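Data first, discussion second: the structure below is written as structure tokens.
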Number of protein chains: 2
Amino acid sequence: MTQLPAPIALLTAALSRLPGIGPRSAERLALHVVQLDPTQVRTLAEALIQARERIVRCERCGALTESQPCPICGDDRRDATLLCVVERALDILSLEKSGTFKGRYHVLGGKLSPLNGVGPDDLRIAALEARLQPEGVQEVILALGSDVEGDATSHYLAKRLAPAGVRMTRLAQGLPAGSGLEFADELTLSRALEGRRAL
Amino acid sequence: MTQLPAPIALLTAALSRLPGIGPRSAERLALHVVQLDPTQVRTLAEALIQARERIVRCERCGALTESQPCPICGDDRRDATLLCVVERALDILSLEKSGTFKGRYHVLGGKLSPLNGVGPDDLRIAALEARLQPEGVQEVILALGSDVEGDATSHYLAKRLAPAGVRMTRLAQGLPAGSGLEFADELTLSRALEGRRAL
């Protein structure tokens with residue numbers, strides 16, 4: 001059996017390390033790429049490098065951004081009294097697409113998971129606490145997933161932030177149980193925002 | 001609604017031009033890429049460019065290769081009297097994986113499709129004819145798809161190559177290996193019946 005030419009095999013390997021791309025789709029993509037217009041391939045390669053180099057994390061909220069602070073933290077028209085806590089930076093995009101939230105965000109960077117060795121100090125919780133008073137936050141909306149770890153993280157945060165005296169709410173159970181934000185459609189997300197309940 | 005940062009939007013657009021990657025998976029991939037280790041992103045970008053630059057088409061058979069001629073055309077142990085005609089370069093990989101064919105290949109670059117404006121001059125048919133005598137080909141195996149266009153192309157080639165006096169054969173059509181009758185459509189079953197072989 002003839003092997004794949006080395007450059008195609010290397011590209012296949014690199015592509016199959018991306019999420020959701022199995023060995024067969026990686027091979028199919030690699031074979032497609034080598035037959036593309038060279039300009040298009042350079043454009044894609046350049047887009048990869050540019051995206052990685054120019055995108056940083058907002059020092060305040062942790063969002064993915066080109067500018068410091070990110071456009072949402074820098075936008076005075078956003079309601080600074082409402083702070084929405086999400087697990088990952090991409091959850092911000094899902095919430096923004098729902099179009100109902102006009103406050104600001106805070107990315108935790110994960111959720112508590114003792115089994116995977118993720119404790120409170122591994123998340124951006126201290127940074128969250130440090131924002132509450134200076135920014136005049138009156139309500140913290142916990143927009144974490146509705147799975148067990150999301151539940152546990154929400155309850156931990158509710159307890160830990162209680163002394164700060166801000167209102168703590170949580171997305172309504174409009175989210176399908178056991179699912180992450182990225183699978184919810186925009187309507188579900190906006191209903192979940194509207195129906196948030198006090199903890 | 002906040003837009004995606006420009007470099008992520010550009011990367012999403014570039015990724016969604018690849019086959020089998022829709023807008024949502026492109027966005028998910030782009031968001032994953034900007035959070036990767038920068039070295040891994042450069043490796044992927046470099047693999048893309050290298051693959052595109054180093055892979056050419058074999059001048060003889062049309063396969064994707066690093067060397068000229070390709071390893072199969074350059075391998076004297078392959079049976080030069082058997083020439084297998086395929087539609088696309090990646091079909092060679094599928095056949096090589098089956099491990100049963102020891103001859104050489106010829107990539108047509110498509111199949112006849114009058115509706116899409118693909119005629120005989122758009123395929124590498126003249127190059128195929130030119131190989132038959134010099135290479136001492138005794139049998140041309142048509143390994144094209146079993147759809148209408150594959151059928152039409154096979155019949156056209158059988159007629160056009162007839163004067164060359166080589167044996168023309170075609171891949172058998174029948175039940176897929178390891179499958180039951182209940183999964184086969186009527187056309188497949190009738191072809192499997194026509195092509196029945198003595199035990």
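Not measured: the values here are computed from a predicted model. Numbered from 1 within each chain, the chains take letters A, B, ... in sequence-line order.
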Should we say atom [atom1] of [X] is surrounded by more than 12 heavy atoms from elsewhere, each under 6.0 Å from it?
{"X": "A:His155", "atom1": "NE2", "result": "no"}
{"X": "B:Arg167", "atom1": "CZ", "result": "no"}
{"X": "B:Gln133", "atom1": "CD", "result": "no"}

Is there a path of hydrophobic side-chain contacts, each under 4.5 Å between heavy atoms, that joins [X] and [Y]?
{"X": "A:Leu161", "Y": "A:Leu142", "value": "yes"}
{"X": "A:Val107", "Y": "A:Tyr105", "value": "yes"}
{"X": "B:Leu123", "Y": "B:Val137", "value": "yes"}
{"X": "B:Val140", "Y": "B:Leu171", "value": "no"}
{"X": "B:Val41", "Y": "B:Leu15", "value": "yes"}

Exercise. Between A:Ala6, A:Pro19, A:Ala89, A:Pro38, which residue shows the highest count of heavy-atom pairs closer than 4.5 Å to chain B?
Worked result: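 With the most close heavy-atom pairs to chain B, the winner is A:Pro19.
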Problem set entry | Portion of B:Ile21 that has a non-hydrogen atom of chain A nearer than 4.5 angstrom |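 Looking at B:Ile21, just its side chain touches chain A.
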Problem set entry | Pick from B:Gln35, B:Gln40, B:Arg42, B:Arg17 with the largest number of heavy-atom pairs that fall under 4.5 Å of chain A |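 Answer, by heavy-atom pair count under 4.5 Å with chain A: B:Gln35.
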Seminar exercise, completed: Looking only at B:Leu90, B:Val34, B:Leu36, most heavy-atom pairs under 4.5 Å shared with chain A are made by B:Val34
Exercise. Can you find a pair of side-chain heavy atoms, one from A:Leu44 and one from B:Leu18, that are under 4.5 Å apart?
Worked result: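 Sidechains of B:Leu18 and A:Leu44: in contact.
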For this session: Sort by residue number and list every member of residues 22-29 of chain A having a non-hydrogen atom under 4.5 Å from chain B.
Result: A:Glu27, A:Arg28, A:Leu29
For this session: Please list, in residue-number order, every residue in residues 46-70 of chain A that has a heavy atom less than 4.5 Å from any heavy atom of chain B; write 'none' if there are none.
Result: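 From residues 46-70 of chain A, the residues near chain B are A:Ala47, A:Leu48, A:Ile49, A:Gln50, A:Ala51, A:Arg52, A:Arg54, A:Ile55, A:Arg57, A:Leu64, A:Thr65, A:Glu66.
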